[in-house]
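In this text, all values refer to a predicted model and were calculated from it rather than measured experimentally. Side chains are part of it too, since the values below use all heavy atoms of this structure and drop only hydrogens, waters and symmetry mates.
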Amino acid sequence: MRTLLKILLGSLLLLLLVALGTEVVALHRSALPLPGQTAPPMVVRKSTTAPMPPKTVRLVVAHHPPPARPRNAAVPVHHNAPAD
C-alpha cells in the first residue's frame, strides 16, 4: 500500500513540475517579441454600443415518421422468399 502511495505522490509531483514548466515557457515566449515585429501586439475589443446583427428566422419543416403498422396486420408475402 505504501508503495502505491509513493508512486501516486511521485507521479503527481512530476505532473505538477511539467505543468509549471509549461507555464513558465509560455510566459517567457509571450514576453519575447516575434521576429520582424516592432510593436507589441494590440488587443482589439468589440464595441459594446455596436448594433446587433439582425437575426434570421427560418421555418423548420417537421418530417413525421410513417404510421405504425397494427400488430394484427398481415405481413406482405415476398415472391422470392422461400416457402415455410
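Annotation: side-chain contact (heavy atoms from CB on, under 4.5 Å) contacts of L12 (sequence neighbours excluded): L8.
Note that CG of L14 and CG of L16 are 9.5 Å apart. Values are rounded to the nearest 0.5 Å.
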Let me have the donor-acceptor pairs involving side chains of residues 20-27, under 3.5 Å, with sequence neighbours excluded, atom names and distances please.
residue: T22; atom: OG1; partner: V18; partner atom: O; Å: 2.7

